[in-house]
Undergrad: 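I have a structure I would like to understand better, so I am pasting it below and will then ask my questions one at a time.
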Amino acid sequence: MVCEIALVTLKKPVMLPGLSRRTGKPCRAVNSRQIVVRQEGYQVAVEGCLDLRGAPHRTALRLIMKVQRGLVQHAEYLPASHEIAASLVSLPIGIDMSLADVPSVYYSLASFDAVELIGGWADTQGNVTVQMRPVCGFLAPRVDPVVAPWRQLGHLWPNGQFARPGGSEIVSFVRNAGVILAGLLPAAVVRETEERFTRAWGTGWKPERISESALSFASRIAEQYRQRKYVDFTPDLLREAAKNEPVRPFGSAWDSRCQPHQPRQTWRNGYSKSGKFVANDDWTVAQFLIRTEVAGAPRVSQNVVER
């Protein structure tokens, strides 16, 4: 079987969960516009990516399923001895990379289209940190559509892992491009995320089915704005992209506006940075301080992204 390695350049940068160079476990979010893939027959697997400075990283993203039409700008096939390919092979993988029975899909917005959303993180000592921060990467149920509305299962944070979302579903991105890349992470990463959330908040964190109000609202939005088109990420797509001219030399830095902003609001164990306690009626933050299946908490809020 012929095995080919390709460096794929995207029109827009995406945010990917990266693996540690020392342990091979998720530890950072990597802003990237160049993805290294390995084609084996009809399968295309993700080997890693280059960050904005051209440094190689292993990623938890293992398979790209769909991309927005026009996102793949160029592809160049590399020999196995190429510096980029050799650098990725030398990096460790510290997690089970199996894709068997993966229940969730990974969605990425363009990194300069990040949206400010609330998410929560619970550590093993019981401390809960809640932040409103720019989010580009999401976990969503595999059965949900790429075009909103879809349910939120996780927000990719800078540590390369997923925080619990403060909202149950994304209803619409209105005028924005929305999801530009959809792919699969290892089943072990998804399971660890769900188990971590359940330990902290019980089973009540999981969103229910998409609400009728969300479906109705999204339908009205779709009538007013052009719908984005998606294509499968296949060997044929790579071969077509290889006919295009290179966009920039390997390893060059990308536009600085790709960098997301810093966190704007933080609460820890129910207190803001200024020491103000979160009131129970401030459900956006207070929901992270209780176990929802015990307290019988109401359904979490929706997110309508308007920019």
Side-chain angles (χ1 to χ4, degrees), residues 5-19 24-26 28-51 56-73 75 88 93 95-111 113-114 135-148 150-157 160-162 165 170 173 177-194 228-238 241:
I5 300 173
L7 179 64
V8 180
T9 302
L10 306 179
K11 185 177 181 179
K12 300 176 181 179
V14 294
M15 197 68 71
L16 303 177
L19 304 184
K25 296 182 179 181
R28 61 170 62 86
V30 183
N31 198 358
S32 175
R33 199 173 160 187
Q34 294 177 299
I35 299 175
V36 180
V37 300
R38 180 185 298 273
Q39 178 186 332
E40 298 181 352
Y42 294 103
Q43 296 293 320
V44 180
V46 177
E47 290 292 295
C49 69
L50 303 184
D51 64 20
H57 298 267
R58 286 282 193 184
T59 67
L61 180 71
R62 301 308 299 149
L63 183 69
I64 298 174
M65 300 167 63
K66 290 186 178 293
V67 293
Q68 255 184 31
R69 182 176 294 173
L71 179 65
V72 176
Q73 209 166 11
L88 283 173
I93 298 177
I95 56 177
D96 180 359
M97 301 300 272
S98 171
L99 293 177
D101 302 319
V102 182
S104 304
V105 65
Y106 177 73
Y107 290 160
S108 180
L109 313 181
S111 54
D113 284 338
V135 177
C136 302
F138 299 83
L139 277 182
R142 195 167 177 175
V143 296
D144 285 9
V146 179
V147 178
W150 41 263
R151 290 166 290 177
Q152 302 183 83
L153 297 179
H155 289 170
L156 179 65
W157 271 17
Q161 300 181 57
F162 292 90
I170 295 291
F173 288 95
V179 175
I180 63 173
L181 178 149
L184 294 180
L185 306 179
V189 172
V190 177
R191 286 196 302 269
E192 187 279 331
T193 299
E194 294 185 346
R228 307 286 177 168
K229 303 296 184 181
Y230 293 84
V231 297
D232 295 334
F233 192 81
T234 63
D236 288 342
L237 182 65
L238 297 183

Undergrad: Can you name the nearest heavy-atom pair linking Val30 to Cys49, along with the distance?
TA: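 So the minimum-distance heavy-atom pair works out to CG1-SG, 3.7 Å.
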Undergrad: Quick check: closest heavy atoms across Phe162 and Gly154, and the distance to 0.1 Å?
TA: CD2-C, 4.0 Å
Undergrad: Does any N or O in the side chain of Ser108 come within less than 3.5 Å of the main-chain N or O of Met15, such that one atom is a donor and the other an acceptor?
TA: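 Yes.
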Undergrad: Any salt bridge (Lys or Arg N to Asp or Glu O under 4.0 Å) pairs touching residues 58-70, not counting sequence neighbours?
TA: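 Qualifying pairs: Glu47-Arg58, Lys66-Asp232.
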Undergrad: Using ring-ring contact (aromatic ring centres under 6.0 Å, His included) as the criterion, list what pairs up with Tyr107, not counting sequence neighbours.
TA: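 So Tyr107 forms a ring-ring contact (aromatic ring centres under 6.0 Å, His included) with Trp150.
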Undergrad: Run the salt bridge (charged side-chain N to carboxylate O under 4.0 Å, His left out) test against Asp96 and tell me which residues pass, sequence neighbours left out.
TA: none
Undergrad: Return the CE to CG distance between Met97 and Leu185, rounded to the nearest 0.5 Å.
TA: 9.0 Å
Undergrad: Looking at OH of Tyr106 and OG1 of Thr59, how far apart are the two atoms once the value is rounded to the nearest 0.5 Å?
TA: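 Those atoms lie 9.5 Å apart.
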Undergrad: Within this structure, what is the OG-CG distance for the pair Ser32 and Leu16, rounded to the nearest 0.5 Å?
TA: 6.0 Å
Undergrad: What residues form a side chain to side chain donor-acceptor pair (under 3.5 Å) with Gln73, not counting sequence neighbours?
TA: Arg33
Undergrad: Could you tell me which residues satisfy side chain to side chain contact (heavy atoms under 4.5 Å, CB included) with Pro141, sequence neighbours excluded, listed by chain and number?
TA: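 Expected list: Val143, Asp144, Arg151, Leu153.
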Undergrad: Look up atom OG1 in Thr234 and atom CD in Gln39, then write down how far apart they are to the nearest 0.5 Å.
TA: 9.0 Å
Undergrad: Listed by chain and number, what are the side chain to side chain contact (heavy atoms under 4.5 Å, CB included) partners of Leu63, not counting sequence neighbours?
TA: Leu99, Leu184
Undergrad: Closest approach of Ser111 and Asn31, non-hydrogen atoms and distance?
TA: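 Where Ser111 meets Asn31 most closely, the heavy atoms are OG-OD1, 2.9 Å.
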Undergrad: List the atom of Val102, the atom of Arg142, and the distance in Å for their closest heavy-atom pair.
TA: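 Minimum heavy-atom separation between Val102 and Arg142: O-NH1, 3.1 Å.
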Undergrad: Would you please name every residue forming a side chain to side chain donor-acceptor pair (under 3.5 Å) with Gln161, sequence neighbours left out?
TA: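 Partners of Gln161 by the side chain to side chain donor-acceptor pair (under 3.5 Å) criterion come out as none, since no residue qualifies.
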Undergrad: Going by the rule side chain to side chain contact (heavy atoms under 4.5 Å, CB included), which residues pair with Lys25 if we only count those two or more places apart in sequence or in a different chain?
TA: Thr23, Ile95
Undergrad: With sequence neighbours excluded, give me every side-chain hydrogen bond (donor to acceptor under 3.5 Å, both in side chains) pair touching residues 182-191.
TA: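 Matches after skipping sequence neighbours: none remain.
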Undergrad: Main chain of Val147, side chain of Tyr230: is a donor-acceptor contact present, judged purely on distance under 3.5 Å?
TA: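 No, the answer is negative, given that no donor and acceptor are paired below the 3.5 Å cut-off.
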Undergrad: Examine distances only and state if a side-chain atom of Arg38 and a backbone atom of Val44 form a donor-acceptor pair shorter than 3.5 Å.
TA: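 Checking the backbone N and O of Val44 against the side chain of Arg38, no donor-acceptor pair under 3.5 Å is found.
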